[in-house]
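To start, the structure itself, in structure tokens.
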There are 2 protein chains.
Amino acid sequence: MDKDKIDKKDHILDVAERVFSDLGFDGASTRMISGEAGVNMAMLNYYFGSKEGLFLAVFERKISSFQALLQNIGNESIDAWDKLAKCIDNYVDRIIVNNCFQKLINRELSMSKRSELSDKITEMVMINVWEIAKILEEGVKNGQFFKDVDVQLAIATIFGTKNYIINAPNISSTLLGHDIKDEKYLEERLKPRVKTYMKRLLKAYLVNDNDNTK
Amino acid sequence: MDKDKIDKKDHILDVAERVFSDLGFDGASTRMISGEAGVNMAMLNYYFGSKEGLFLAVFERKISSFQALLQNIGNESIDAWDKLAKCIDNYVDRIIVNNCFQKLINRELSMSKRSELSDKITEMVMINVWEIAKILEEGVKNGQFFKDVDVQLAIATIFGTKNYIINAPNISSTLLGHDIKDEKYLEERLKPRVKTYMKRLLKAYLVNDNDNTK
DNA sequence: CAAAATTAATCAAACGATTGATTAGTGCAA
DNA sequence: TTGCACTAATCAATCGTTTGATTAATTTTG
């Protein structure tokens, strides 16, 4: 019925997300995706219009889940630093585990051509960026953060550090001395470590009231 | 003659580097590269054996120039923080201007398959990573940096922040309010700004002696 | 309710275009 | 003439997409 159809579309999107993440938009083929999903090739075009339509559908499915999170944090009545700390915790939780989608985003964003596609992706990513920017600017405005912090570049650090860890698995694994695909290590060791590090780093740079008690 | 041949090969590599950077390995076609380079398509296979051979040749040409820089800084007789500051300055100078190769590196590193290729790239990148790690560990050991700094994740921040700025041009341009391709803005505004920011950020996180005079 | 009509879902097959690669042959310099 | 640099033509393979036909499900009709 309708539910089966949605399940099948969702299943195709699951497979497409993984294949696109592993091979990139160009590297992945519609035959490969349909084959792994166990559906006829024509179904991809039937459901999504085209390869690009499928690609965008993979993205659009993820948008909403990313948006709500940050907006809720932004609207809480806590100070800017606590908001930022919450964002960091949530980001690390969400993204380090299922990182293939993030890799997909970064890879396609770095392409110069493909304007329609990357414009759409940019638009999506910017939603999250603005949410963080709002928090940082709030902290600057009310004096909790230093007046001369570079908000834009601080955002580059937040997202860039995270991206680097998940985006270059070979580098990260060599650097950290663990297989970054090891689920147990990821959950028990890396996640709290990244959370602690990110908060320490940003607190040192941002927060005006540098109490030594920490 | 031989010199002409080398020049032509170098010209092909120049074009290939740009096209690969813009479109990725899969997105770029040998016809496109040979067309833009003004040579016959068969010349690519004649010189480099295959598309993958050309791709690797693009990388191998760049390796040596990256290595020498950091090693020289590491061997200077200045303290760890000054070494790090020098590394940052040099990195920003070198990489922000001609960023297409860095984009190429990051994109291909994030691919899960293509092991032979990404292994070679990983090996290259790690040379730079270890050089920075040595400097950080030196600073921790002699007490100039805090004992509990996370050296590995600090490296992720250094490279990650830089990558984010150059790697996601649409994001960066929207975030910074300038076209990141604008050469004049890049040189006069962004470069000093990134240098200042990176040093402030890392000093706040790393350096034990927090004098208020800065 | 049951038969007919309509729509949605699915399939195998084939489309033209483009891919990376190879061939056979040309021209030139030593 | 022999060997090398180079080209035009062509190769099989694969690409994303479209097609026409078939089955399954739903709606309409008598």
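Chain A is the first sequence line, chain B the second, and so forth, proteins listed ahead of strands; every chain is numbered from 1. No experiment lies behind these values; they were computed from the predicted model shown.
By the salt bridge (Lys or Arg N to Asp or Glu O under 4.0 Å) test, A:Glu137 pairs with no residue at all, sequence neighbours left out. A search for side-chain contact (heavy atoms from CB on, under 4.5 Å) contacts involving B:Ala16 returns B:Phe20, B:Ile33, B:Leu54, B:Val58, not counting sequence neighbours. By the salt bridge (Lys or Arg N to Asp or Glu O under 4.0 Å) test, B:Asp82 is found to be paired with no residue, residues two or more places apart in sequence or in another chain being considered. Qualifying side-chain contact (heavy atoms from CB on, under 4.5 Å) partners for A:Glu188, counting only residues two or more places apart in sequence or in other chains: A:Lys184. Scanning for salt bridge (Lys or Arg N to Asp or Glu O under 4.0 Å) contacts around B:Lys51 gives an empty result, with sequence neighbours left out. Under the ring pair (Phe, Tyr, Trp, His ring centres under 6.0 Å) criterion, A:Phe145 pairs with no residue, sequence neighbours left out. For B:Arg193, the salt bridge (Lys or Arg N to Asp or Glu O under 4.0 Å) test picks out A:Asp150, with sequence neighbours left out.
Regarding A:Phe48, its CZ atom lies at a distance of 16 Å from the P atom of D:dT18, rounded to whole Å. Rounded to a whole Å, the CE atom of A:Met43 is 14 Å from the P atom of D:dA24. Rounded to whole Å, the distance from CD1 on B:Ile33 to P on C:dT18 is 17 Å. In this structure, the CZ atom of A:Phe55 is 17 Å from the C1' atom of D:dC15, given to the nearest Å.
Of the charged side-chain nitrogens involved, none lies within less than 4.0 Å of a carboxylate oxygen, so that A:Glu108 and B:Arg107 do not count as a salt-bridged pair.
Between C:dT10 and A:Tyr47, a contact under 4.0 Å exists linking OP1 or OP2 to a side-chain N or O. Of the side-chain N and O atoms in B:Lys8, none sit less than 4.0 angstrom from OP1 or OP2 of D:dA5. Contact annotation: B:Tyr46 side-chain N/O to D:dA5 OP1/OP2 distance is under 4.0 Å.
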Distances under 3.5 Å only, N/O to N/O: pair up the protein atoms with those of nucleotides 19-22 of chain C.
unit_1, atom_1, unit_2, atom_2, d
C:dG20, OP1, B:Ala28, O, 3.2
C:dG20, OP1, B:Lys51, NZ, 2.7
C:dG20, OP2, B:Thr30, N, 2.9
C:dG20, OP2, B:Thr30, OG1, 3.0
C:dG20, N7, B:Arg31, NH1, 2.8
C:dG20, O6, B:Arg31, NH2, 2.8
C:dA21, OP2, B:Asn45, OD1, 3.3
C:dA21, OP2, B:Lys51, N, 2.8

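Rounded to 10°, the angle separating the first-five-pair axis and the last-five-pair axis of the helix from C:dC1-D:dG30 to C:dA30-D:dT1 equals 10°.
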